[in-house]
Amino acid sequence: MKRSEINAALRRAEAMLSHYRWHLPDWAAWDPADHGREPALAAHLRDRQLGWDVTDFGLGDFARNGLTLFCVRNGRQGDPATLPYAEKLLFIAEDQVTPFHAHKVKLEDIIVRGGGNLMVAFTREGSFDDAPVLVDGRTVSDPYAGPIRLGPGQSITIPRGMQHSFWGEAGAGDVFVAEVSQCNDDLTDNYFRDRIGRFSEIEEDEAPHRLLWNET
């Protein structure tokens, strides 16, 4: 991805946060110098994968296959001395797809906080476990039958091992989403159905608006 694309995605996410009056920790607005001024906190954030994350999954078309996230809190998988849970915010455009993937460790709830509708699809291809899928506590009779539409305020529980994909429904607007889960590890606990990458190589065509968590 070009740095200019990442900057534009971050500013779009910040505009959505402002619209919904949703506030982030002060370190969400850090510049590179701030990381240097508070090295202990910077190391804490990096170790727990906290902060901004923008990816095109190595596919080179962020508008079609991409995701912007902010990880607010997180522990380390397998480390009982850290938080056993994570919280993320996701900013998803219309028709912008997060490709099929599954997790072995992380059980997660995806909650639509505002904006348009979130479409969530499941596939047996590449899945390695199976469990009930819940929408606001109600069991989905056949999650593989077709995309599940979630409107603002609705949530879905995604079991471990089930390949899932999501995107903003066309014509309904960008979607503001929260994720509440067990500890998240984007380095080891993403199992994509197809051979794609989790992080993007960055072409530096302008200065960073914000640093991503994996470059701090």
Original post:
Going through the checks in order, is the side-chain contact (heavy atoms from CB on, under 4.5 Å) test met by Phe192 and Phe57?
Top reply: CA-CA 10 Å; Phe192 289 97; Phe57 303 98; 3.9 Å; yes

Original post:
For Ile111 and Arg113, what are the C-alpha separation, side-chain angles and deciding distance, and is it a side-chain contact (heavy atoms from CB on, under 4.5 Å)?
Top reply: CA-CA 6 Å; Ile111 309 136; Arg113 294 297 190 193; 3.7 Å; yes

Original post:
Given the rule in the side-chain contact (heavy atoms from CB on, under 4.5 Å) test, do Asn7 and Lys2 qualify, once you have shown the distances and angles that lead to the verdict?
Top reply: CA-CA 9 Å; Asn7 288 344; Lys2 292 183 177 181; over 6 Å; no

Original post:
Between Asp31 and Arg37, is a side-chain contact (heavy atoms from CB on, under 4.5 Å) present by the stated rule, with each step listed?
Top reply: CA-CA 10 Å; Asp31 61 25; Arg37 280 189 286 268; 4.1 Å; yes

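The only member of Lys104, Lys106, Gln77, Gln49 that meets side chain to side chain donor-acceptor pair (under 3.5 Å) when paired with Asp185 is Gln49.
The environment of Glu204 atom CD is dense: over 12 non-hydrogen atoms of other residues, nucleotides or ligands sit within 6.0 angstrom. Taking a 6.0 Å sphere around CZ of Arg11, one finds it holds more than 12 heavy atoms contributed by other residues, nucleotides or ligands.
Considering only heavy atoms from C-beta on, Trp27 stays 4.5 Å or farther from Glu38 through its side chain. Contact check for Asp129 versus Met162: no side-chain heavy atoms found under the 4.5 Å cut-off. You'll find the side chain of His44 reaches within 4.5 Å of the side chain of Leu50, heavy atoms only. The shortest side-chain heavy-atom distance between Thr98 and Ile92 does not fall under the 4.5 Å cut-off. By the 4.5 Å heavy-atom criterion applied to side chains, Phe166 and Leu90 are counted as neighbours. Side chains of Pro32 and Leu211 form a contact here, defined as non-hydrogen atoms less than 4.5 Å apart. At least one side-chain heavy atom of Tyr144 sits under 4.5 Å from a side-chain heavy atom of Asp130.
The backbone N or O of Ser181 sits nowhere less than 3.5 Å from a side-chain atom of Asp109 that would complete a donor-acceptor pair. In this structure, Gln163 contributes its side chain and His101 its backbone to a donor-acceptor pair below 3.5 Å. Looking at His103, its side chain does come within 3.5 Å of a backbone N or O of Asp189 through a donor-acceptor pair. Between the side chain of Trp52 and the backbone N or O of Arg210, no donor-acceptor pair lies under 3.5 Å. Distance alone, capped at 3.5 Å, places no donor-acceptor pair between the Ser200 side chain and the Ile202 backbone. A donor-acceptor contact shorter than 3.5 Å links the side chain of Asp79 to the backbone of Ala81. Side-chain N or O atoms of Gln96 include one that pairs as donor or acceptor with a backbone N or O of Phe62 at under 3.5 Å. In terms of modelled atom types and a separation under 3.5 Å, the side chain of Asn74 and the main chain of Cys183 share no donor-acceptor contact. Side-chain atoms of Ser4 do not come within 3.5 Å of backbone N or O of Glu206 as any donor-acceptor pair.
The CE atom of Met1 sits 9.0 Å away from the CG atom of Leu212 when rounded to the nearest 0.5 Å. To the nearest 0.5 angstrom, Phe199 atom CZ is 5.0 Å from Leu187 atom CG.
Using a cutoff of 4.0 Å between basic side-chain nitrogens and carboxylate oxygens, Asp47 and Arg76 are scored as salt-bridged. Of the charged side-chain nitrogens involved, at least one lies within less than 4.0 Å of a carboxylate oxygen, so that Asp53 and Arg198 count as a salt-bridged pair. Ion pairing between a basic and an acidic side chain is recognised when a charged N comes within 4.0 Å of a carboxylate O; Glu215 and Arg3 show such pairing. Ion pairing between a basic and an acidic side chain is recognised when a charged N comes within 4.0 Å of a carboxylate O; Lys88 and Glu108 show no such pairing.
Contact detail for Ile110 and Ile158: the closest heavy-atom pair is CG1-CD1, 3.8 Å. Nearest approach of Ala29 to Asp34, heavy atoms of both residues: O-OD2, 4.4 Å. When all heavy atoms of Pro132 and Pro159 are compared, the closest pair comes out as O-CG, 3.2 Å. Pairing each heavy atom of Gly161 with each of Ala102, the nearest pair is C-CB, 3.8 Å. Summarising the geometry of Thr68 relative to Ala9, their closest heavy-atom pair is OG1-CB, 3.5 Å, with the distance given to 0.1 Å.
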Indicate every side-chain donor-acceptor pair of residues 16-23 with a distance under 3.5 Å to a residue at least two apart or in another chain.
residue	atom	partner	partner atom	Å
Tyr20	OH	Gly115	N	2.7

Return all side-chain donor-acceptor pairs below 3.5 angstrom for residues 119-126, not counting sequence neighbours, or 'none' if the list is empty.
residue	atom	partner	partner atom	Å
Thr123	OG1	Glu125	N	3.2

Under 3.5 Å, which donor-acceptor pairs link side chains of residues 134-141 to any protein atom two or more places apart or in another chain?
residue	atom	partner	partner atom	Å
Asp136	OD1	Ser155	N	2.9
Asp136	OD1	Ser155	OG	2.9

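Taking hydrophobic clusters as Ile, Leu, Val, Met, Phe, Trp and Tyr residues chained together by side-chain heavy-atom distances below 4.5 Å, Val54 does not share a cluster with Val175. Leu24 and Val177 are assigned to two separate hydrophobic clusters, defined by single-linkage of ILVMFWY side chains at heavy-atom distances under 4.5 Å. Linking ILVMFWY side-chain heavy atoms closer than 4.5 Å, directly or via other members, places Leu10 and Val72 in a single hydrophobic cluster. Connection of Leu67 to Leu59 is established within a shared hydrophobic cluster, with ILVMFWY side chains joined at heavy-atom distances below 4.5 Å, either directly or through further cluster members. By the rule that hydrophobic residues join a cluster once side-chain heavy atoms approach within less than 4.5 Å of another member, Leu89 and Val112 end up as members of separate clusters.
Classification of the Phe176-Phe91 ring pair by plane angle, with boundaries at 30° and 60°, yields parallel.
Using a 3.5 Å distance cut-off with no hydrogens or angles, the side chains of Arg160 and Gln182 do pair a donor with an acceptor.
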